[in-house]
Amino acid sequence: MSTNSSIQPVSPASELLSNTTCQLEEDLSISFSIIFMTVGILSNSLAIAILMKAYQRFRQKYKSSFLLLASALVITDFFGHLINGTIAVFVYASDKDWIYFDKSNILCSIFGICMVFSGLCPLFLGSLMAIERCIGVTKPIFHSTKITTKHVKMMLSGVCFFAVFVALLPILGHRDYKIQASRTWCFYKTDQIKDWEDRFYLLLFAFLGLLALGISFVCNAITGISLLKVKFKSQQHRQGRSHHFEMVIQLLGIMCVSCICWSPFLVTMASIGMNIQDFKDSCERTLFTLRMATWNQILDPWVYILLRKAVLRNLYVCTRRCCGVHVISLHVWELSSIKNSLKVAAISDLPVTEKVTQQTST
């Protein structure tokens, strides 16, 4: 009886702590976490200002779709970096003592939900942008007449709600997000997985992320090939193609950043879910791939900051001066700024309207 009375009640947070410990070579300090979060917030804020200014200035139907999706992606990165970074700084400042400051596991659940949402939603938006551009290039008339701003907003809302649903699945299934071995972040259960439901969450997350990257790759490939075919066939409507090329370059930048940053983490989660590797043996690798994934929220906005007309033109001029060779005329290699990048649909419809006017006149 005396032994039973000496047993203390176990808090939910202590039950969710990983049984293994992650031995890191060096821990991130609070100062580094604050600097990392600040750089991400400033980068996304600058990109949001650029995109929102362009969206408010050019609200025409054929311009709004790309800018709306791009703004949504950067805003998602901004809030994901802000919320996750704030919680991470608080965890480091509290010496990672989850049992003390999160006995009810509320903060861990919020952290895990934000981690899943801020991971999947930008990948979904990147693939949606690639699909939108693919339709705009291959089916310009359909894009200009059928895909309205209202439709884009509906698709954007659907993507966000689906990402929220996936993030809430463990809570809806009466499962808790688990404090990981490094005690610095929360995610699906990755240690000592014995239940099919825990494996399902990991595999679903990895599958949806890799699927979004695959869709982006296929759509951007189709768009690029279509533009090259048109370029070789005719020299007409050069300005319209330059608008297409600029958006494709931006999408390729987003896709490359997402693939480099997220693929290692997604593959690691898939291998843990399929029991290919044990989390105990890959704890340090998992934490490294997670830190790579967080860089995506910092690098994404710089795609829109750097890949603009003024920056690209200055880079082009500097390259010509350094090489001392007249590589190509600037009028041939013309990349429009993002504020002029969506004249595509209207320009693509120009030959059709000319044919109609010619037929009516005859």
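Predicted, not measured: the structure shown is a model, and the values here were computed from it.
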*Asks:* Decide yes or no for Leu204 and Leu169: does some side-chain heavy atom of the first lie under 4.5 Å from some side-chain heavy atom of the second?
*Replies:*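 Yes. Closest side-chain heavy atoms under 4.5 Å.
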*Asks:* When rounded to the nearest 0.5 angstrom, what is the spacing between CG in Leu210 and CG in Leu203?
*Replies:* 10.5 Å
*Asks:* Given the rule in the side-chain contact (heavy atoms from CB on, under 4.5 Å) test, do Trp98 and Val91 qualify, once you have shown the distances and angles that lead to the verdict?
*Replies:* CA-CA 8 Å; Trp98 289 88; Val91 170; 3.6 Å; yes
*Asks:* Check the hydrophobic clustering (I, L, V, M, F, W, Y; side-chain heavy atoms under 4.5 Å; chains of links allowed) and say if Leu69 and Leu211 are grouped together.
*Replies:*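 Yes; tracing contacts between hydrophobic side chains, which count when under 4.5 Å, links both residues.
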*Asks:* Could you tell me which non-hydrogen atom of Ile48 sits nearest to which non-hydrogen atom of Phe78, and how far apart they are?
*Replies:*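 Closest approach of Ile48 to Phe78, heavy atoms only: CD1-CB, 3.9 Å.
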*Asks:* Run Cys108 and Cys186 through disulfide (SG to SG under 2.5 Å) and show every step you take.
*Replies:* CA-CA 6 Å; Cys108 183; Cys186 294; 2.2 Å; yes
*Asks:* If you round to the nearest 0.5 Å, how far is CE of Met292 from CG of Leu299?
*Replies:* 10.0 Å
*Asks:* State, yes or no, whether a side-chain contact exists between Phe162 and Leu208 at a heavy-atom distance under 4.5 Å.
*Replies:* yes
*Asks:* Would you say that Phe205 contacts Leu120 through its side chain, given a criterion of any heavy-atom pair below 4.5 Å between the two side chains?
*Replies:*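 Yes, their side chains come closer than 4.5 Å.
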*Asks:* Measure the shortest side-chain to side-chain distance between Asn275 and Arg199 over non-hydrogen atoms and say whether it is less than 4.5 angstrom.
*Replies:* yes
*Asks:* According to a hydrophobic-cluster definition based on side-chain heavy atoms being under 4.5 Å apart (Ile, Leu, Val, Met, Phe, Trp, Tyr only), do Val164 and Phe207 belong together?
*Replies:* yes
*Asks:* For the pair Ser258 (side chain) and Met255 (backbone), establish whether a donor and an acceptor sit closer than 3.5 Å, ignoring hydrogens and angles.
*Replies:*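 Here the side-chain-to-backbone pair does not exist.
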*Asks:* Walk me through it: do Leu123 and Leu213 pass the test side-chain contact (heavy atoms from CB on, under 4.5 Å)?
*Replies:* CA-CA 7 Å; Leu123 296 178; Leu213 292 177; 3.8 Å; yes
*Asks:* Go through Met269 and Thr289 one step at a time and tell me if the side-chain contact (heavy atoms from CB on, under 4.5 Å) criterion holds.
*Replies:* CA-CA 10 Å; Met269 292 298 104; Thr289 58; 5.9 Å; no
*Asks:* Excluding sequence neighbours, so at least two apart, what forms side chain to side chain contact (heavy atoms under 4.5 Å, CB included) with Ser118?
*Replies:* Asn84, Gln297
*Asks:* Can you list everything that forms a side chain to side chain contact (heavy atoms under 4.5 Å, CB included) with Ala72? Sequence neighbours excluded, please.
*Replies:*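 Ala72 satisfies side chain to side chain contact (heavy atoms under 4.5 Å, CB included) with Leu125, Leu156 only.
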*Asks:* Could you note down all residue pairs passing side chain to side chain donor-acceptor pair (under 3.5 Å) where residues 119-130 supplies at least one of them, sequence neighbours left out?
*Replies:* none
*Asks:* In a check of side-chain hydrogen bond (donor to acceptor under 3.5 Å, both in side chains) between Thr148 and each of Lys150, Lys146, His151, which one passes?
*Replies:* His151
*Asks:* What residues form a side chain to side chain contact (heavy atoms under 4.5 Å, CB included) with Ile171, not counting sequence neighbours?
*Replies:*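 Expected list: Ser109, Ile113, Tyr177.
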*Asks:* Do Phe79 and Leu42 share a hydrophobic cluster, counting only Ile, Leu, Val, Met, Phe, Trp and Tyr and linking them when any side-chain heavy atoms are less than 4.5 Å apart?
*Replies:*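 Not linked; separate clusters.
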*Asks:* When you group the ILVMFWY residues by side-chain heavy-atom contacts below 4.5 Å and let the links chain together, are Leu172 and Met115 in the same group?
*Replies:*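 Same hydrophobic cluster.
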*Asks:* For Lys189 and Asp195: C-alpha separation, side-chain torsions, deciding distance, then whether salt bridge (Lys or Arg N to Asp or Glu O under 4.0 Å) applies.
*Replies:* CA-CA 10 Å; Lys189 185 176 182 180; Asp195 196 334; over 6 Å; no
*Asks:* Please give me the minimum heavy-atom distance between Phe124 and Val159, naming the atom from each residue.
*Replies:* CB-CG1, 3.3 Å
*Asks:* Mark yes or no for whether Asp102, through its side chain, and Ile106, through its backbone, hold a donor-acceptor pair below 3.5 Å.
*Replies:* yes
*Asks:* Do Phe288 and Thr268 come close enough that some side-chain heavy atom pair is under 4.5 Å?
*Replies:* no
*Asks:* Give me the ring orientation class for Trp185 and Phe187: parallel if the planes are under 30° apart, tilted from 30 to 60°, perpendicular past 60°.
*Replies:* tilted
*Asks:* What is the distance from atom CG of Leu51 to atom CG of Leu68, rounded to the nearest 0.5 Å?
*Replies:*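 Atom-to-atom, Leu51:CG and Leu68:CG are 10.5 Å apart.
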*Asks:* What pair of heavy atoms forms the shortest contact from Val89 to Ser33, and how long is it?
*Replies:* CG2-CB, 3.9 Å
*Asks:* Below 4.5 Å, heavy atoms only, C-beta onward: do Val218 and Ile222 meet side chain to side chain?
*Replies:*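 Val218 vs Ile222: side chains touch.
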*Asks:* Examine Phe165 and Ile110 and state if one hydrophobic cluster contains both, with Ile, Leu, Val, Met, Phe, Trp and Tyr joined whenever side-chain heavy atoms are less than 4.5 Å apart.
*Replies:*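 Same cluster: Phe165 reaches Ile110 through Ile, Leu, Val, Met, Phe, Trp or Tyr contacts under 4.5 Å.
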*Asks:* For the atom pair CE (Met37) and CD1 (Ile83), what is the distance rounded to the nearest 0.5 Å?
*Replies:*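 Reported value, rounded in 0.5 Å steps: 11.5 Å.
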*Asks:* At what distance, to the nearest 0.5 angstrom, does CD of Glu197 lie from NE2 of His174?
*Replies:*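 Answer for the CD-NE2 pair, Glu197 versus His174, is 9.5 Å.
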*Asks:* Indicate the atoms forming the closest heavy-atom contact of Cys134 with Thr138, along with that distance.
*Replies:* O-OG1, 2.6 Å
*Asks:* Phe36: what forms a ring pair (Phe, Tyr, Trp, His ring centres under 6.0 Å) with it, not counting sequence neighbours?
*Replies:*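 For Phe36 the ring pair (Phe, Tyr, Trp, His ring centres under 6.0 Å) partners, ignoring immediate neighbours, are His81, Trp295.
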*Asks:* Where do Tyr201 and Gly173 come nearest, in terms of heavy atoms and distance?
*Replies:* OH-CA, 4.2 Å
*Asks:* Identify whether the distance between the nearest side-chain nitrogen and carboxylate oxygen of Asp198 and Lys178 falls below 4.0 Å.
*Replies:*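 Lys178 and Asp198: not salt-bridged.
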*Asks:* Not counting sequence neighbours, which residues clear side chain to side chain contact (heavy atoms under 4.5 Å, CB included) with Phe90? List them please.
*Replies:* Ser94, Phe101, Leu107
*Asks:* Quick one: does Ser263's side chain have a donor or acceptor within less than 3.5 Å of a partner on Ile260's backbone?
*Replies:*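 Answer holds: no.
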*Asks:* Which heavy atom of Lys103 sits nearest a heavy atom of Ile99, and at what distance?
*Replies:* CG-O, 2.9 Å
*Asks:* Hey, are the side chains of Val74 and Asp300 touching, using non-hydrogen atoms and a 4.5 Å cut-off?
*Replies:* no
*Asks:* Any heavy-atom pair between the side chains of Leu202 and Ile193 that's under 4.5 Å?
*Replies:* yes
*Asks:* Does the pair Gln180 and Leu290 meet the rule for a side-chain contact (heavy atoms from CB on, under 4.5 Å), with working shown?
*Replies:* CA-CA 12 Å; Gln180 302 302 305; Leu290 174 66; over 6 Å; no
*Asks:* Can you measure from OG1 (Thr86) to CZ (Phe111) and round to the nearest 0.5 angstrom?
*Replies:* 10.0 Å
